[in-house]
Amino acid sequence: MREQRFDYVLVGGGIASVTAARSLRHEEPGASIAILCAEPVLPYRRPPLTKGFLTGKVGAARVTIHPADFYEKQNIALLLHTRAAALDCAAHRVQLEDGSAVGYGKLLIATGARPHMLSVPGAALAGVHCLHDIGDAVALRTDTAAARRALVIGAGFVGVEAAAALRELGLEVTLVERGEQVLPQLHSALLSAHFRTLCAEHGVEVLTGLTVERFTGHGTLTGAVLSDGRSLACELAVVATGVEPNCAWLAGSGIGLADGVLVDECLQTSDPDIYAAGDAANFHDPVLGARRRVEHWDNAVRQGRLAARNMRGARMPYRDVSIFYGDVFDAPYNFLGDPSDALEVVERGEFAQPPYSLLFMRHNVLRAMFSFGVPADETVAAEEMIRHRRNLASGSAALAQPGSRLGALPSQTVLILQGGGALGAFESGAIEALESHGVCPDIVSAVSIGAFNGAIVASHPGQAVAALNAFWRDLSIEGLSAPRTCAQLRQTELAWHLALFGVPNFMRPRWWMGAPGTGSFAPWWTSYYDTEPMLALLRRYVDFDALAASPTRLLLGAVDVASGERRIFDSYVDRLTPEHLLASGSLPPAMPWTTVEGRAYWDGGVVSNSPLDLVIERCGQVAGRVFVVDLFSGARPLPSNLFEVMLRRDEIVYADRVRNDLRFEENANDFRDLVERITGQLDAAAAARVRQSPEYIRLMGNHVPVQIHRIALDGTSMDGVSFARDFDFSSESIASLQALGRAAALAVLDLDEVRLRAGLAASDYEDEVCK
């Protein structure tokens, strides 16, 4: 049989594979993509199986993720009833159970998990079920018609939901748990007691500290004997004792296995062309500082999307906090984080009376949250606190107070630094003013010259001024003779100085570096200047060891020359070096590309010179204060010659794009308003279920105020003379730019104080600052 080959093969027919396929198709329209689905039906949503599908309220069509024509329209090969049997990494081949094979360029393992079955006498009797896939759910629902009494073994998430659904169908239900607590995954005696009471109120008998020793019956289930010797009559049993990763087919492949497929924080396995996501992936979780495997739908969605991007070379770490959601007796709840190492809990509200939440804390850091009916923005705020390990000691007294809001606790500060050559001195002055007022950014997002300033800030958190001032002194050009009041003469002198000598400690002309007799220009050059001196300067002023351990996260934008795609360098992910910084600032054709890990990069400002989008992509929602040091957005006089025309063109190209991001946010807010109006038309129970879904929470919970503080360089004058250009590294211009930066930042900080006293909204403040 002829082997089929695809650029991307996704093994597993669940949501992780479907999400990965969608992302791959979006980012690489011409790629060939195949999903290998072991089941004979279209990929479907598993969470409803224990809820609406089991009770008959939700039909098969509503649990299907996409209709069949979706895969046809997206040119995604969906191979149903196709089960993987073995993997040959060397040959890039997946062997199938029917003897055929599928070849791949990149492979995603998303085979999920399979249920544990009890190894006790009578486990094979008709009437004994598990509840894992749609076939299980159909068989169980069919058998409920002839049953009167049901036994559910295992009081975890699936067991409790199955017991609630069976009780809703009118059966007498007994829930047996081997441990002492209901929902042991929550690690909370308090919640266990609450759920036990909820079950009892709805007629479910709960027995803890017991196991099933054997099932009884002749061909068909009639009862079960428990470990304490008692006998229970039942015609139906659901085994919900957990799952294990579906990885047996990988035996002998060489892929690292240990309670799942071992992957790094970018979801890559021991083979660089193979990734894993979802229930099967055992990953290092940098948020919680442990290796873990998560069996949540939301986790599979987000890992599938991230794995797709990393299969294409993005190298983005999985730093998400997945949101689990359940529904017991029409009481929808959410759970996020890991409570296993919590030392104390804070209960907010009354159980099952929205809004209610239980916060799991460790040394004043939120580790997990369980909630009923908590607004989406509060859930997202909790997610951010868990992800960033934010210390809540200063707000601990308010946490337990009725009506207090997590979203009102202190949020993060973001600093956006643009590229602009010598205009980076303005950024240096602005940073000095911010530091003097105690503003220490949690995140710095930067490109080009901003990357150099940002690295100094991140490696000297709260104490960057001395290093910045020394850095800019070493970049300054001394001894220019043309007076600053004669703009054209000074620009001419600067241009000749740059052509002949370059910028000290930054870049030197190539025409002084060639062999004798080669002339002033060589056709094989890819740049006019050499930037080796800047590497030495960066090593002098950036403490790279301190940067690696810094609480200030540094994000740098660069462009892959070969692929044309943007690359983000992230101090939380990459061990940054001088080459990473220089790559972000290698503006062609003056500067050569910089090679990092075998790839050539140009200046990130070519794609986005005001990289707020880097923060959104890597850190999720942007909430709190954002300081944008804006070097180009101001008005300019009309150009008076071709030289000035070219300069003005470049200024417009590199102008601030933050307003575009804010306009996108306005459109998103309109969409959120529409979703809320639609949800408001539902009955209370249906609306509550919608509002606890992760999709709703992430969409609606990101509606948070953002204060944009724009520190703008005046585009018309500087000390009464013609405006300095980005190539003016003269010591006089650098000093003037630093003074302007300090003054502009202080003005913004003063305006912020006025705003706080007046109680203006964040949107009002943005409008005021932008004028």
Side-chain angles (χ1 to χ4, degrees), residues 263-270 272 275 283-287 289 303 305-320 387-389 412 414-417 419 441-461 464 531 534-535 538-539 541-563 565-586 593-608 611-620:
V263 294
D264 63 14
E265 62 182 13
C266 295
L267 307 181
Q268 188 178 53
T269 71
S270 51
Y275 292 74
F283 65 100
H284 174 70
D285 186 345
V287 174
Q303 285 194 345
R305 185 178 298 125
L306 182 72
R309 304 189 72 175
N310 287 342
M311 290 166 79
R312 300 192 65 251
R315 291 298 299 169
M316 294 174 62
Y318 185 69
R319 294 180 178 273
D320 291 349
R387 181 187 312 182
H388 297 292
R389 306 181 199 177
Q412 291 192 312
V414 178
L415 177 62
I416 306 294
L417 299 177
D442 300 288
I443 302 168
V444 178
S445 183
V447 292
S448 198
I449 197 70
F452 305 162
N453 287 330
I456 295 174
V457 169
S459 64
H460 301 79
T531 52
M534 177 52 78
L535 292 174
L538 291 171
R539 291 188 184 96
Y541 290 112
V542 178
D543 186 334
F544 287 94
D545 290 334
L547 178 60
S550 175
T552 299
R553 185 175 190 174
L554 178 63
L555 303 175
L556 306 177
V559 178
D560 188 309
V561 179
S563 69
E565 296 183 355
R566 184 180 66 180
R567 170 71 188 273
I568 301 175
F569 299 125
D570 184 344
S571 66
Y572 275 19
V573 180
D574 308 292
R575 175 71 185 198
L576 298 183
T577 66
E579 286 75 17
H580 287 88
L581 306 186
L582 189 57
S584 181
S586 297
W593 61 66
T594 300
T595 301
V596 177
E597 298 175 352
R599 305 290 296 181
Y601 294 98
W602 273 336
D603 193 309
V606 172
V607 174
S608 174
L612 179 61
D613 53 342
L614 270 62
V615 182
I616 295 171
E617 182 168 325
R618 281 298 170 98
C619 306

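Along the sequence shown, residues are numbered consecutively beginning with 1. Remember, it's a predicted structure, so these values are computed and weren't measured experimentally.
- Side-chain contact between S584 and F452: absent, with no pair of heavy atoms (C-beta onward) separated by less than 4.5 Å.
- To the nearest 0.5 Å, atoms CG (L535) and OG1 (T594) are separated by 7.0 Å.
- With rounding to the nearest 0.5 angstrom, the CG atom of L306 is 7.0 Å from the SG atom of C266.
- A distance of 11.5 Å separates CG of L555 from CG of L417, quoted to the nearest 0.5 Å.
- Of the N and O atoms on the side chains of Y318 and E265, not one donor lies less than 3.5 Å from an acceptor on the other residue.
- Taking CG of L576 as the start and CG of L538 as the end, the distance is 11.5 Å to the nearest 0.5 Å.
- The two residues Y275 and M311 come nearest to each other via the heavy atoms CD1-CG, 3.4 Å.
- In this pair, W602 and W593 present their aromatic rings tilted. The plane angle is within the 30 to 60° band.
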Exercise for the section: Start with the C-alpha gap between R599 and D560, add the side-chain angles, then the distance that decides, and say whether salt bridge (Lys or Arg N to Asp or Glu O under 4.0 Å) holds. Expected result: CA-CA 7 Å; R599 305 290 296 181; D560 188 309; 2.9 Å; yes
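- The salt bridge (charged side-chain N to carboxylate O under 4.0 Å, His left out) test with R315 is passed by exactly one of D570, D264, D574: D264.
- By the 4.5 Å heavy-atom criterion applied to side chains, I416 and V615 are counted as neighbours.
- The two residues A583 and V596 have their closest heavy-atom pair at CB-CG2, 4.0 Å.
- Salt-bridge check for D285 with R387: failed, with every basic side-chain N at 4.0 Å or more from each acidic carboxylate O.
- Legend: residues meeting ring pair (Phe, Tyr, Trp, His ring centres under 6.0 Å) with F569, ordered by chain and number and at least two apart, are H580, Y601.
- Among all heavy-atom pairs drawn from T531 and L582, the shortest one is OG1-CD2, 3.5 Å.
- When every heavy atom of V559 is checked against every heavy atom of G604, the shortest pair comes out as CG2-CA, 4.2 Å.
- To the nearest 0.5 Å, atom CD1 of residue I443 and atom OG1 of residue T552 are 9.5 Å apart.
- The shortest distance between side-chain heavy atoms of Q268 and N310 does not fall below 4.5 Å.
- The shortest non-hydrogen separation linking S550 to A458 is OG-O, 2.6 Å.
- Here the shortest heavy-atom pairing between A451 and L556 reads CB-CD2, 3.6 Å.
- Judged as a salt bridge (charged side-chain N to carboxylate O under 4.0 Å, His left out), and not counting sequence neighbours, the contacts of E579 are R539.
- Put simply, OG on S445 and CD1 on I568 are 8.0 Å apart, with the number rounded to the nearest 0.5 Å.
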